[in-house]
Number of protein chains: 2
Amino acid sequence: MHEHKCIKIKSNFSSMRKKIRIIDIAKMAGVSKGTVDRVMHNRGNVSEAARKSIEKVLEQVNYKHNIHVSSISLKSRYKIVVATPEVSPGAYWASIHNGIQHALEEYENVRVELQVFTYNQYDIYSCRETYEQIAGVEMDAIIIGPTFKEETVNLCKRMDEREIPYIFVDSNIEDTSPLAFFSADHYVCGYMIAKLITSIIPDHTNIAIFQAVRTGDRSANTTILRKKGFTDYLEKNKCTNLILSIPFSVMEPEDNEMYLTRLFHSQKDIPAIVVLNSRGNFIANYLETNLIEGVKMICMDLTTANIEALKKGQIDYLIGQEPEYQGFYAMKTMLEYLIFKKPVQKQNYVQLDILTRENIDFYKSFNNIMY
Amino acid sequence: MHEHKCIKIKSNFSSMRKKIRIIDIAKMAGVSKGTVDRVMHNRGNVSEAARKSIEKVLEQVNYKHNIHVSSISLKSRYKIVVATPEVSPGAYWASIHNGIQHALEEYENVRVELQVFTYNQYDIYSCRETYEQIAGVEMDAIIIGPTFKEETVNLCKRMDEREIPYIFVDSNIEDTSPLAFFSADHYVCGYMIAKLITSIIPDHTNIAIFQAVRTGDRSANTTILRKKGFTDYLEKNKCTNLILSIPFSVMEPEDNEMYLTRLFHSQKDIPAIVVLNSRGNFIANYLETNLIEGVKMICMDLTTANIEALKKGQIDYLIGQEPEYQGFYAMKTMLEYLIFKKPVQKQNYVQLDILTRENIDFYKSFNNIMY
DNA sequence: TGTACCTTCGTGCACGAGCACAAATGTATA
DNA sequence: TATACATTTGTGCTCGTGCACGAAGGTACA
């Protein structure tokens, strides 16, 4: 006799206990649904007695907020600012903005007036100027994609004074008090990259690391952390590889040709290249046009150009950090905080996806997941 | 002067064109909303003229189905059968069942009577017996997690005769006509595993591959495909590694001890182990208790036990195939097909996630994504 | 006692799709 | 022409939350 089981589950049916509604809570607490609503949304104008009574009921029963009904009956309005580096199609920040837009669609009846500010992430002066402008804008909340630490700290101070809630995407900034942040753990990211690259190249070889040059001699927050994670891995695991740090200029791209030529015309053997920003495809293309072969490459972010380079075999590993997810949940969290005063989880680290030419075709860019 | 931009987007507001509703379509077509409803749900009882008129309007306007409203106003009932291998907590099939449950929650007002049948995936007779039982059950639809090809083809034939729609999860089966399938591309999966393992071990070394033994001398569909992908990669890339195929018995686990001991007491050097089913942790534990070190391991599926072994460093790479996603979308697709007659995309390949001990902590098992 | 004002609370409508049921129209037959 | 029946169409209620509005109750002061 062979084992086999049949389980009958009448879901949402008899087995599931009756779903409780606002009106049920109201009856139990001996008040009207309006009062329950006021308590649940922290709207005030409720007597101490009524509040206590409702909170007591709320502790006992397991009320599950119905997002479907909310979504159609919401009527509130908010002004929300989004401040990020400039967006170009198919690139990293475009994905974050996509995610933000999708969150707005989920609560389509909430009237959100979005004001988007962008700055040049390679130019500290552009960032300062944009932040200055933002500081004077009237708003209910702001989502910030930070690059320069000190500038962001200043902006946040002014937001704190005005009691305007802010959420970070892409990177958390210390010495600020955001409502939440949605970001990769960049230190671990660098650490993982080091592990991946050293696992596929011989000992005692050179690794060239490219990182973006910025005005004001200030590195992006993310790059600093990734670099730290990278070197810490090598140190911790007693790796014998040598690191060559190469600057990479986005604002003066003609310089890069020079850096690269200098690198590859030196006597050094370079079996591995690591790119800590999302511009890996530029270097991949340089290698291709200059017929340099046999170099292993690990790069960041699933930009259209990087994906193409991965598929062509120019790049070996791409690391993704779910930018759509970051944008989506930053905005969704902000909306639910504003509308429902929903408690917020502050730390939100996103996935680090490892993509190769084999699994890239199956990768879903979150947009696909939601719709 | 530095560039910076401010874009004001009044989303869902003036810039976005007015959202159209069923009633709008009805007015445009000169009928009532009831008639539009009948056309959109293929319920019949509509005159040719009215149908044409409505379809014409539907082509012109971009009606976006509002899941929120649907979700609260649905009232239909369905009997749905789920047939999969047995489920143990924290294991692969449990995740698929989790996904299925979550889909039911999304349409919480639809009365679904779920009937779950499970069989022993290592025992062909158990599968036959369970399928036989299922064939006699009254139902509106069935979701199948297949293992044995021929048995599944037989079951599907009987479903075809009764015009009952079925969707596969985990694996597609040829010579059947499912409504859809949600599965990894197991061939590519094996191919990718081969690439990963050969990239971290020296040439000319041995790779031990473990695959499950089953009654009736029949391999699981998934294993066959993965093995094929694996060997094809080695062949295509002229790899000099030697493959040692090792049987792995789940039903008589005491045999495994013997297989493993025999393997490691042979003179052969085994720097790499590949496990093509989700039981990698068993072998990882054998290595640990027998103090065998320096063996690289790649295994399938993010079971609780495998994740633990990955974190401990026993396993180097885990390959995930989004079981929750598979279950969720299989059920969601089925429901939307039954309720709305929504057109279905047949082929649905899921992501192949590469997990290491560095990025495993950030991995979201889809459950987290949805709620 | 009457008026003004504040706090607290309850009522009722809106949102948009699904679906039951009633109403209207068409067709066939005695 | 009257009746029965089939086909097609329209109407109105339902779901649960958000929120506006107005009612009820309390307090202060003339």
Side-chain angles (χ1 to χ4, degrees), chain A residues 12 18-54 58 61 63-78 105-111 335-336 338-342, chain B residues 12 18-54 58 61 63-78 105-111 335-336 338-342:
Chain A
N12 326 335
K18 188 83 171 61
K19 192 170 40 181
I20 52 150
R21 304 157 298 172
I22 294 275
I23 189 99
D24 297 322
I25 295 170
K27 276 177 192 158
M28 283 187 251
V31 294
S32 75
K33 74 195 180 90
T35 308
V36 176
D37 182 73
R38 276 182 282 268
V39 169
M40 292 181 74
H41 293 69
N42 253 341
R43 269 198 261 278
N45 292 335
V46 177
S47 70
E48 192 71 0
R51 217 200 63 230
K52 283 267 171 62
S53 156
I54 291 166
L58 281 176
V61 302
Y63 174 71
K64 191 171 156 261
H65 174 240
N66 190 328
I67 191 181
H68 297 303
V69 182
S70 284
S71 168
I72 57 168
S73 44
L74 284 167
K75 290 180 189 74
S76 37
R77 285 167 180 256
Y78 298 101
E105 283 168 30
E106 190 165 313
Y107 288 107
E108 52 189 344
N109 282 12
V110 179
R111 302 294 193 229
L335 285 177
E336 292 181 345
L338 293 172
I339 301 170
F340 308 118
K341 304 273 181 284
K342 187 175 165 180
Chain B
N12 325 337
K18 187 84 172 61
K19 189 172 43 179
I20 51 150
R21 302 156 300 173
I22 293 278
I23 188 96
D24 299 321
I25 295 170
K27 276 177 193 159
M28 284 188 250
V31 294
S32 75
K33 74 197 179 92
T35 308
V36 176
D37 182 73
R38 278 181 281 268
V39 170
M40 292 181 74
H41 293 70
N42 255 341
R43 269 198 261 277
N45 292 335
V46 177
S47 70
E48 192 71 359
R51 220 199 61 231
K52 282 266 170 63
S53 156
I54 291 165
L58 282 175
V61 302
Y63 174 71
K64 192 173 155 259
H65 173 240
N66 190 328
I67 191 180
H68 297 304
V69 182
S70 283
S71 167
I72 56 168
S73 46
L74 285 167
K75 291 181 188 74
S76 37
R77 282 167 182 260
Y78 298 100
E105 283 169 29
E106 190 165 314
Y107 287 107
E108 52 190 344
N109 282 11
V110 179
R111 302 293 193 230
L335 285 177
E336 293 182 345
L338 292 173
I339 301 171
F340 308 118
K341 303 273 182 284
K342 188 173 165 180

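Per chain, numbering begins at 1; letters A, B, ... match sequence-line order. Values below: all heavy atoms of this structure, side chains included; hydrogens, waters and symmetry mates excluded.
- Remark: side-chain polar atoms of Asn109(B) are not paired, donor with acceptor, to backbone N or O of Ser73(B) under 3.5 angstrom.
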Side-chain atoms of residues 42-49 of chain A: list all donor-acceptor pairs with protein atoms under 3.5 Å, sequence neighbours left out, distances to 0.1 Å.
unit_1   : atom_1 : unit_2   : atom_2 : d
Arg43(A) : NH2    : Asp37(A) : OD2    : 2.7
Ser47(A) : OG     : Ala50(A) : N      : 3.2
Glu48(A) : OE1    : Arg51(A) : NH1    : 3.1

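- In this view, Ile67(B) and Glu106(B), Tyr107(B), Lys332(B) satisfy the side-chain contact (heavy atoms from CB on, under 4.5 Å) rule, not counting sequence neighbours.
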*Spell out protein contact along nucleotides 22-27 of chain C as letters: B when the base is contacted, S when just the sugar-phosphate is, - when no protein heavy atom is under 4.0 Å; keep the 5' to 3' order.*
------
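- For the atom pair Ile339(B) CD1 and Tyr78(B) OH, the distance stands at 5.5 Å (nearest 0.5 Å).
- One atom, CG of Asn109(B), and another, C1' of dG16(C), lie 14 Å apart when rounded to the nearest Å.
- The structure places CD1 of Ile20(B) at 11.5 Å from NZ of Lys64(B), a figure rounded to the nearest 0.5 Å.
- Under the ring pair (Phe, Tyr, Trp, His ring centres under 6.0 Å) criterion, Phe340(A) pairs with His41(A), His65(A), sequence neighbours left out.
- Every residue two or more places apart in sequence or in another chain was checked for a salt bridge (Lys or Arg N to Asp or Glu O under 4.0 Å) with Lys75(B), and none qualifies.
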Please list, one pair per line, the donor and acceptor atoms closer than 3.5 Å that link side chains of residues 21-35 of chain A to other protein atoms, with sequence neighbours excluded.
unit_1   : atom_1 : unit_2   : atom_2 : d
Arg21(A) : NE     : Asp24(A) : OD2    : 3.1
Arg21(A) : NH2    : Asp24(A) : OD1    : 3.0
Asp24(A) : OD2    : Arg21(A) : N      : 2.7
Ser32(A) : OG     : Gly34(A) : N      : 3.4

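- Side-chain proximity of Ile72(B) to dT8(C), dT9(D), dC15(D): nearest is dC15(D).
- Listed by chain and number, the residues in a salt bridge (Lys or Arg N to Asp or Glu O under 4.0 Å) with Lys341(A) amount to none (sequence neighbours excluded).
- Take Lys52(B) and apply the side-chain hydrogen bond (donor to acceptor under 3.5 Å, both in side chains) test, not counting sequence neighbours, and it matches no residue.
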*asked:* Across nucleotides 17-25 of chain D, 5' to 3', mark each nucleotide with B, S or - according to how protein heavy atoms within less than 4.0 Å reach it.
replied: BBB------
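- Rounded to 10°, the angle separating the first-five-pair axis and the last-five-pair axis of the helix from dT1(C)-dA30(D) to dA30(C)-dT1(D) equals 70°.
- The side-chain hydrogen bond (donor to acceptor under 3.5 Å, both in side chains) test applied to Ser71(B) returns His68(A), not counting sequence neighbours.
- Here dC19(C) presents its C1' atom at 15 Å from CZ of Arg111(B), a figure rounded to the nearest Å.
- Residue Ser47(B) places none of its side-chain N or O atoms closer than 4.0 Å to OP1 or OP2 of dT7(D).
- Going from atom NZ of Lys52(B) over to atom P of dT9(D) covers 13 Å, rounded to whole Å.
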